[in-house]
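These notes concern the structure reproduced below.
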Amino acid sequence: MKKNTKIYVAGHRGLVGSAIMRKLKKEGYNNLVYRTSSELDLRRQEKVEEFFKEEKPEYVILAAAKVGGIQANDTYSAEFLYDNLMIESNVIEAAYQNDVKKLLFLGSSCIYPKFADQPMKEDYLLSGKLESTNEGYAVAKITGIKLCEHYNKQYDTNFISAMPTNLYGPNDNFDLETSHVLPALIRKFHEAKINNEAEVVIWGTGKPRREFLHVDDLADALLFLMNNYKGDQFVNVGVGKDISILELAELIKDIVGFEGEIVNDLSKPDGTPRKLLDVTRLNDLGWEAQISLEEGIKDTYQWFKENY
Ligand SMILES: NC(=O)C1=CN([C@@H]2O[C@H](COP(=O)(O)OP(=O)(O)OC[C@H]3O[C@@H](n4cnc5c(N)ncnc54)[C@H](OP(=O)(O)O)[C@@H]3O)[C@@H](O)[C@H]2O)C=CC1
Ligand SMILES: C[C@H]1O[C@H](OP(=O)(O)OP(=O)(O)OC[C@H]2O[C@@H](n3cnc4c(=O)[nH]c(N)nc43)[C@H](O)[C@@H]2O)[C@@H](O)[C@@H](O)C1=O
């Protein structure tokens with residue numbers, strides 16, 4: 001992509017979209033197009049068609065989606081399925097109709113079967129049953145991958161897909177009902193510390209294992225893929241290492257400086273037992289993550305204290 005090329009970043013205010021904006025600006029890209037969801041609701045096909053006709057973006061990074069943690073996915077499963085199907089179908093079709101040179105679609109590691117072998121290779125897609133707490137979201141994300149594949153096959157487009165692992169960083173969602181685990185624990189330990197509380201409650205058994213990637217590393221990987229990758233095969237984006245939720249809680253507890261106990265709320269779901277991506281394909285293309293989990297949590301905690 002040239003520095004003055006017109007790039008549409010869908011979802012520019014979100015965790016991922018805002019990191020992509022920071023990265024693109026830092027690298028000197030100076031022709032960025034974006035809209036908030038109230039300016040352009042991507043679930044509305046006609047509005048999306050009008051926007052693409054008017055703006056004619058050359059490149060599209062699709063980071064707009066209905067996103068949330070385990071509880072939000074489970075509670076609002078119809079919205080997670082419907083919104084994501086509509087957003088991705090409308091944007092991908094409009095990109096094709098308007099001769100977009102390249103589009104990047106973002107999926108998620110939850111596309112893989114609940115009991116997939118670990119680490120999960122791209123080939124494991126559609127090889128088993130999905131985790132029930134995020135089935136709607138996962139089905140929508142799998143459809144997004146397939147839309148890119150089939151548009152490439154039938155229309156010779158250049159649409160690529162990246163599957164990030166669990167993400168965190170500045171501009172994350174810290175709402176305790178709808179957030180992912182890492183921002184939730186930063187907030188819980190911080191509030192428990194300042195209120196001198198005796199304990200922090202974590203959901204489930206603490207035994208599930210997850211892999212966490214700092215969103216600035218993700219943005220770097222996505223720009224790398226936009227500039228260096230073409231193909232129908234989607235690409236996992238992760239660090240290749242995982243950690244149990246209890247270990248994560250202990251790490252955040254230490255970073256925040258909370259001295260009380262960690263207790264489990266067993267009425268909450270554990271979800272998938274383990275989600276660790278095989279990142280060989282991305283590493284072989286020449287990219288690997290740089291930000292350690294400890295460094296990334298410290299950076300995110302600092303951001304939380306300054307902004308939240
Ligand atoms: N967070 C994570 O751990 C992971 C995220 N991903 C994927 O990364 C992508 C970005 O996620 P993330 O940044 O975390 O999500 P956020 O919730 O932080 O941001 C999503 C963005 O999407 C926009 N959006 C939502 N609905 C609509 C709509 N109907 N019309 C237009 N825009 C809309 C929002 O815009 P506005 O602010 O204007 O309302 C928001 O800025 C998603 O595809 C997600 O599936 C993948 C793996 C893990
Ligand atoms: C990115 C990914 O994110 C989701 O899947 P998930 O990985 O299960 O998400 P999560 O971060 O919410 O939970 C991870 C683990 O952590 C435990 N946990 C402990 N304490 C808290 C807690 O306080 N909040 C939350 N949210 N979880 C907690 C929780 O019980 C679970 O065992 C899907 O949306 C999926 O669709 C998706 O793409």
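All ligand and atom numbering here is 1-based and tracks the order in the structure. As the structure is a computational prediction, the values presented were derived from the model and not from experiment.
For the pair Leu40 and ligand 1, a heavy-atom separation below 4.0 Å is found. The shortest heavy-atom distance from Asp83 to ligand 1 is not under 4.0 Å. Residue contacts with ligand 1: Gly107 is included, with a non-hydrogen atom under 4.0 Å away. Remark: distances from the non-hydrogen atoms of Asn84 to ligand 1 are all 4.0 Å or more. Residue Lys141 places a heavy atom under 4.0 Å from ligand 1. Under a 4.0 angstrom heavy-atom cut-off, Tyr137 registers as being in contact with ligand 1.
A salt bridge is absent between Glu58 and Lys6: the closest approach of a Lys/Arg side-chain nitrogen to an acidic carboxylate oxygen does not fall below 4.0 angstrom. Look at Lys153 and Asp232 and you find no salt bridge, because none of the NZ, NE, NH1 or NH2 atoms lies under 4.0 Å from a carboxylate O. Using a 4.0 Å cut-off between a side-chain N of Lys or Arg and a carboxylate O of Asp or Glu, Glu294 and Lys298 qualify as a salt bridge.
Taking only nitrogen or oxygen atoms, main chain and side chain alike, Gly14 reaches within less than 3.5 Å of ligand 1. The shortest N/O to N/O separation between Leu42 and ligand 1 falls below 3.5 Å. For ligand 1, one of its N or O atoms has an N or O atom of Leu15 under 3.5 Å away.
For atom 15 (C) of ligand 2, the nearest non-hydrogen atom of the protein is Ile245 CD1, 3.6 Å. For atom 17 (C) of ligand 2, the nearest protein heavy atom (residue, atom name, distance) is Trp203 O, 3.9 Å. Summary of contacts: the protein heavy atom closest to atom 8 (O) of ligand 2 is Arg210 NH2, 3.0 Å. Here the protein heavy atom with the shortest distance to atom 26 (N) of ligand 2 is Ser179 O, 2.9 Å.
For the residues Leu185, Val181, Leu130, the heavy atom positioned nearest atom 11 (O) of ligand 2 is part of Val181.
Contact of the Phe174 side chain with the Ile186 side chain is registered, since non-hydrogen atoms from C-beta on lie closer than 4.5 Å.
Checking side-chain atoms of Thr133 against main-chain N and O of Ile70 turns up no donor-acceptor pair under 3.5 Å.
Only the side chain of His180 comes within contact range of ligand 1, with a heavy atom under 4.0 Å; no backbone atom does. Neither the backbone nor the side chain of Met86 has a heavy atom within less than 4.0 Å of ligand 1.
Ring centroids of Tyr8 and Tyr59 are separated by 6.0 Å or more, keeping the two rings apart. In this structure, Tyr76 has its ring center no closer than 6.0 Å to that of Phe80.
Numbered from 1 in the order shown, with element, the atoms of ligand 1 that lie under 4.0 Å from a heavy atom of Leu167 read 2 (C), 3 (O), 4 (C), 5 (C), 48 (C).
Of all the heavy atoms in Ile142 and Ile111, the pair that sits closest is CD1-O, 3.6 Å. Nearest heavy atoms, Phe52 versus Asn98: CB-ND2, 3.3 Å.
Of the protein's heavy atoms, at least one falls inside 4.0 Å of atom 4 (C) of ligand 1.
Classified by interplanar angle (parallel below 30°, tilted 30° to 60°, perpendicular above 60°), the ring pair His214/Tyr168 is perpendicular.
Geometrically, Lys193 does not engage Phe189 in a cation-pi contact defined by less than 6.0 Å to the ring centre and at most 45° from the axis.
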